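All values below come from the heavy atoms of this structure, side chains included, with hydrogens, waters and symmetry mates left out. On a predicted model such as this, the values are computed, not experimentally measured, just so you know.
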Number of protein chains: 2
Amino acid sequence: MYLIGELSKQTGVKIPTIRYYEEMGLIEKPHRTSGNQRQYEREGLERLSFIKHARDLGLSIEDIRELVDLSSSPEKSCKQAHEIAHHHLQFIKAKISKLRKLEKELKRIALLDDEGHVGKCKIIASLADHRLCKGEH
Amino acid sequence: MYLIGELSKQTGVKIPTIRYYEEMGLIEKPHRTSGNQRQYEREGLERLSFIKHARDLGLSIEDIRELVDLSSSPEKSCKQAHEIAHHHLQFIKAKISKLRKLEKELKRIALLDDEGHVGKCKIIASLADHRLCKGEH
DNA sequence: CCTCAAAGCTCTAATGACTAGAGCTTTATT
DNA sequence: AATAAAGCTCTAGTCATTAGAGCTTTGAGG
């Protein structure tokens, strides 16, 4: 149905990355044409979309592998999938709050406007001296 | 003044990372003792703190190298340091807003609570089908 | 049928920012 | 003098790709 280039276009996953996913066992080895070219079915497209989507959400390959394994063993409960998603949500929340602190401090630093030489540049001084931070990190 | 272990404790930068920074030319090669051990002065401690702080803020090694170079060439203006900090601020802002979108979607996904088998697990379906997203990413 | 570009293939190596381990030497303490 | 802790160098591994070399296959035009 699709050659690798088409699959790449459809999903937005770059060609070497698709091959890498295959090597990692994240996607199944597709059927090959007589000329040894990978040929994907709709199923392969869907799985790759799944992976792309999960990667965009920031899940690690290992997380995704777990989800993929879950989805191919239908006797296992959905609970584990929930756990993975939930766990990742906590992770994202933590990351956001951390970044917000950084944003605050960077704002403070970037808005210092002196025009002196670097020897007394406040930005550099501010980066050099952690005590000048308003918050900790 | 400080051996590498002490420097590591003071700054929170791990020992192999300190040596890596040295190899990258990010910190100066320190004086060695007769027994070939690295010996740092307060100056070295300060530079490493600077680097640590900037890394914590998410600046890349290359950004930091630029700042380091700036700070050792006092004739250059502070403007460039501002530019780097400002540019990074924009980057952080973009990252935060991206993560917020992800948070929203993950919340939506993680709160789907079905107890069926994975074959119809909404989480997995939701990850597989990008069209189910409320927003794009 | 032939040619030629585009797209495919495999394999190796690079990226960034570390981190870990092997196998050794130096230092400090008992 | 012995031993443990901390240092050293060097190599290789991590994660998730990405890039490049050098080759083959495919499809379209002449």
Side-chain angles (χ1 to χ4, degrees), chain A residues 1-27 29-41 44-45 47-68 88 91 95 98 102, chain B residues 1-27 29-41 44-45 47-68 84 88 91 95 98 102 137:
Chain A
M1 293 278 179
Y2 318 92
L3 289 179
I4 199 165
E6 185 58 22
L7 192 70
S8 171
K9 256 175 222 154
Q10 294 282 326
T11 59
V13 179
K14 293 201 182 117
I15 291 172
T17 307
I18 297 174
R19 298 201 269 242
Y20 164 76
Y21 286 164
E22 181 183 327
E23 205 190 347
M24 294 295 97
L26 217 57
I27 58 180
K29 294 189 180 197
H31 177 245
R32 300 287 185 117
T33 66
S34 57
N36 200 34
Q37 304 195 336
R38 289 167 178 84
Q39 214 169 22
Y40 298 90
E41 311 283 330
L45 174 70
R47 165 157 296 189
L48 190 55
S49 299
F50 168 95
I51 293 166
K52 175 65 157 60
H53 192 181
R55 284 294 299 137
D56 283 349
L57 287 170
L59 280 94
S60 72
I61 295 293
E62 276 321 298
D63 277 347
I64 294 170
R65 196 196 303 280
E66 276 186 69
L67 290 171
V68 161
H88 191 63
F91 177 77
K95 209 161 175 176
K98 218 173 164 186
L102 302 189
Chain B
M1 291 280 184
Y2 318 93
L3 289 179
I4 199 166
E6 185 59 23
L7 193 70
S8 173
K9 254 174 225 157
Q10 296 279 327
T11 58
V13 179
K14 292 199 183 118
I15 291 172
T17 307
I18 296 175
R19 298 200 270 241
Y20 164 77
Y21 287 163
E22 181 182 326
E23 204 189 347
M24 294 296 98
L26 216 57
I27 57 180
K29 296 192 180 196
H31 178 246
R32 300 286 185 118
T33 66
S34 58
N36 200 33
Q37 306 195 333
R38 288 167 178 83
Q39 213 168 22
Y40 297 91
E41 311 282 330
L45 174 71
R47 166 159 294 188
L48 189 56
S49 299
F50 168 94
I51 292 167
K52 175 64 160 60
H53 193 182
R55 284 294 297 135
D56 283 348
L57 289 170
L59 282 95
S60 71
I61 296 292
E62 276 320 299
D63 276 347
I64 295 170
R65 196 197 304 280
E66 276 186 69
L67 290 172
V68 160
I84 292 168
H88 191 64
F91 177 77
K95 209 162 177 175
K98 220 175 165 184
L102 302 190
H137 41 249

- Note on the structure: Scoring nucleotides 9-28 of chain C by protein non-hydrogen atoms under 4.0 Å (B base, S sugar-phosphate only, - none) yields SB------BBB------SS-

- Under the salt bridge (Lys or Arg N to Asp or Glu O under 4.0 Å) criterion, do A:Glu22 and A:Arg19 qualify, and how do the steps go? CA-CA 5 Å; A:Glu22 181 183 327; A:Arg19 298 201 269 242; over 6 Å; no

- Item | Verdict with supporting geometry, B:Leu7 and B:Leu48, side-chain contact (heavy atoms from CB on, under 4.5 Å) | CA-CA 9 Å; B:Leu7 193 70; B:Leu48 189 56; 3.6 Å; yes

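For the atom pair A:Ile51 CD1 and A:Tyr21 OH, the distance stands at 6.5 Å (nearest 0.5 Å). Note that CZ of B:Arg38 is 4.0 Å distant from CZ of B:Arg32, once rounded to the nearest 0.5 Å.
In this structure, A:Glu23 places its CD atom 14 Å from P of D:dA16, rounding to the nearest Å.
The side chain to side chain donor-acceptor pair (under 3.5 Å) contacts involving residues 3-15 of chain B comprise B:Glu6-B:Gln10, where partners must be two or more places apart or lie in separate chains.
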